[in-house]
Amino acid sequence: MDFKERILTAMEHQEPDRVPVMGLVMDPATSNQVLGKQPADIGGLLNDPSMRGQVKDIINLSWNDIMYSNFADALEASIKLGFDANWTVYTSMEVVEDPQCKTGLAWHDAFGRLWEMTTDDKGNMLLNYICGLLTTEDKWEAWVENKRPSFDMMIQNVAGYHRKLVDNYGDRIYPIGYAAPGIFENSWQPIGFVNFSRFVYQKPNFVERVIAFHTDLYLRYLDAVMQSGVEVVMGGDDLGQKTGPMMRPELIEKLLGESYRRVSETVHKKGRKLVWHSCGNIYSLLEKFVEWGFDGIITMEPTAGMELGRVREQVGHKLVLVGNLDVSYLLVRGSREEVEAAVKKAIRDAARGGGYILSASHSHSSVDPKRLEWMVDAAHRYGKYPISI
Amino acid sequence: MNSDEQLGTLKESLLGLDMESAVEAARSLADGGGQAAVQDAVSAVSEALGVVGKRFQDGEWFLTELVYAGEIAKEVMGLLTPLLEAGAAEAAGTVVVGTVAGDLHDLGKNIFVSYARGAGFKVVDLGVDVPVDRFVDAARESSALALGMSCLLTSTEGEIGKVIAELERQGLRESVKVIVGGAALTEQFARHVGADAFAPDAITGLDTVKKWSAS
Ligand code: B12
């Protein structure tokens, strides 16, 4: 079987030749290390006041190329590491002057988040969401009105971006396009969680309007991702935190249930499968995921108490499970024996009958490529079907 | 309505997530009575927040409810605190709080901040991405009872040990209790780096700090 057949067989809850392994490589820190590349010193250039303006303009003009080369490297690194699949993500950004930010520049995404750039000790670039720009109803309304052309442009870019990655890498790895961030995150993060919580109680109609807007936009976004032709697509929203869901499950159903049903319908109408990402402790939402029509889930965060065996027990083969090796210790500084033991346990807990793809539980710039190699190696050794461990 | 009834309304409104009615009850309590009435209202808020916290710990309430109840308490305290006699406010002690350097997650930290304020602590909120020196300087300058650090990333958990070492180096460790919380951390880790307590959630953390304040 090749990588694609392996993934698609697992997605059908059938047993492939061996357990497929998916990478969640996206941080330049990881790709550069695997490919032996030096990071481009964008941070250094932006910190130099004489260069800043020019570099900012270049970034804005060539953002699509920057995104593309970032994920081209991620795919190249994933191929080298032996993964069957890796995700691909597009983020739309504009760099603007902002004296309040450390470098004097802020990164605004299309949805109204403010991000800042930092670099790690090796000079790899990291972008972090800092806060929302749309803290009031008026600001939100004005933003979505002004940004209509940017949204259209973003949708176009998303489609071209994923298609190009598939054209150039699809014969060596399975690139799974990820429509991110999701409807919930695009609704609360530009507003801020405290404001969002206030609005849920004080301005429920506004919250519904925000979610309806982001649902329509997300469906277009998903459609653009699916233009790559890949049979599996990822969606996601962080619906959980360390101890449970971010909101009361009934409230999640009320605010987002219909949106998520439409997401699944959109994917299924095109004959594709949907794998959903959510961090946090989400046991109490698993039945909802099935009901909303998701085909699989990815992440199952161990630091939030998620265990593959328990998830499989709770939902059986109604969901394909993708995950969930720990990125807080195991894949950062765990020993080879520990990584191997974790792979064996994951396979034992979730792989029988297919419907399982092994992966890390999250992307993380501290994840060590050596540990990823051990993970793939152990999967090849212990993941042959029929499972005998 | 007599003041007992008003106190009852204040508590119920907070627990019913009705900001308008909570603020109104607090306002009439403040208008109608003297220092004692204001003190009673502050205690009522604190008790109600205790109930909210318990509901959250027991999994009956969720984040948006916890956050919004905190926001109601903030509005009400904004009305009451200026009316308290000097010294009566924030009598429980000072807590310095921040998210460690390199980490920008702030939802959990902010919840702890608002509940600690609601419980009568003076909170020095240093924000996110806080370097070692700022934690230590703030603890010294405010003669803090406790220092709270939030950390959700494995890559930044080393910061906690550095802050504790610096507190020790500056001879402050004996006088400042250290409490830590956040997704990356565990009880075991907290013990390992020499923190005094790990908080699995903000409310349990607050219970611990209250105990320190009382002892
Ligand atoms: C929301 C979220 C984000 C948001 C943060 C928004 C914000 N303004 O805070 C965004 C999208 C920006 C984000 C970014 C990232 N995130 Co994040 N994020 C989360 C998520 C889903 C929820 C965190 C949260 O807000 N929970 C809600 C709050 C209320 O809970 P809490 O923080 O745990 O706090 C509670 C208790 O822990 C405690 N507490 C917390 N702090 C303190 C402090 C004191 C003193 C006390 C007493 C108590 C206390 O009280 C709180 C209430 O009960 C978690 C998953 C998880 N398991 O938590 C991942 C998670 C923390 N993120 C993770 C990662 C990897 C990242 C990124 C590196 C992703 C990336 N590749 O870019 C970046 C890092 C950015 C940075 N430099 O900080 C990983 C961390 C893994 C690890 N072990 O290192 C997690 C665990 C997800 C996962 N699947 O593994 N994230």
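Every chain is numbered from 1, with letters handed out A, B, ... down the list of sequences.
- Contact annotation for residues 105-115 of chain B against chain A (heavy-atom separation below 4.5 Å, listed by residue number): B:L107.
- Of the inter-residue distances, the one linking A:S328 atom OG with B:F189 atom CZ reads 10.5 Å to the nearest 0.5 angstrom.
- Proximity to chain B involves both the backbone and the side chain of A:S197, based on heavy atoms less than 4.5 angstrom apart.
- When side chains are defined from C-beta on, B:T154 does not count as touching A:V327, because their heavy atoms never get closer than 4.5 Å.
- Taking 4.5 Å as the limit, every side-chain heavy atom of A:L251 sits out of range of all side-chain heavy atoms of B:F62.
- Put simply, CZ on A:R198 and CG on B:L17 are 12.5 Å apart, with the number rounded to the nearest 0.5 Å.
- A 6.0 Å sphere centred on CD of A:E250 holds more than 12 heavy atoms belonging to other residues, nucleotides or ligands.
- Contact annotation for B:E60: only backbone heavy atoms (N, CA, C, O) come within less than 4.5 Å of a heavy atom of chain A.
- In terms of heavy atoms, A:I130 sits closest to B:L104 at CD1-CD1, 3.7 Å.
- With a 4.5 Å cut-off on side-chain heavy atoms, A:H364 and B:L153 count as touching.
- Between B:Y68 atom OH and A:F199 atom CZ the span is 10.5 Å, to the nearest 0.5 Å.
- Around the CD atom of A:E253, the shell of radius 6.0 Å holds more than 12 heavy atoms that belong to other residues, nucleotides or ligands.
- For B:L66, no part lies near chain A; criterion is any non-hydrogen pair under 4.5 Å.
- Heavy-atom neighbours of A:K345 NZ from other residues, nucleotides or ligands within 6.0 Å: at or below the threshold of 12.
- By number of non-hydrogen pairs under 4.5 angstrom with chain A, the leading residue of B:G102, B:P200, B:G182 is B:G182.
- The neighbour count for A:K288 NZ, taken as heavy atoms of other residues, nucleotides or ligands under 6.0 Å away, is above 12.
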Check step by step if side chain to side chain contact (heavy atoms under 4.5 Å, CB included) holds for B:V67 and A:F193. CA-CA 9 Å; B:V67 169; A:F193 195 75; 3.9 Å; yes

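- The structure places NZ of A:K242 at 7.0 Å from CG of B:L185, a figure rounded to the nearest 0.5 Å.
- Proximity to chain B is absent for every atom of A:E116, based on heavy atoms less than 4.5 angstrom apart.
- Side-chain contact between A:Y201 and B:T64 is present, with heavy atoms from C-beta onward closer than 4.5 Å.
- For the options B:L63, B:I72, B:V128, heavy-atom pairs under 4.5 Å to chain A are most numerous at B:L63.
- Counting non-hydrogen atoms of other residues, nucleotides and ligands closer than 6.0 Å to CD of B:E141 gives a total above 12.
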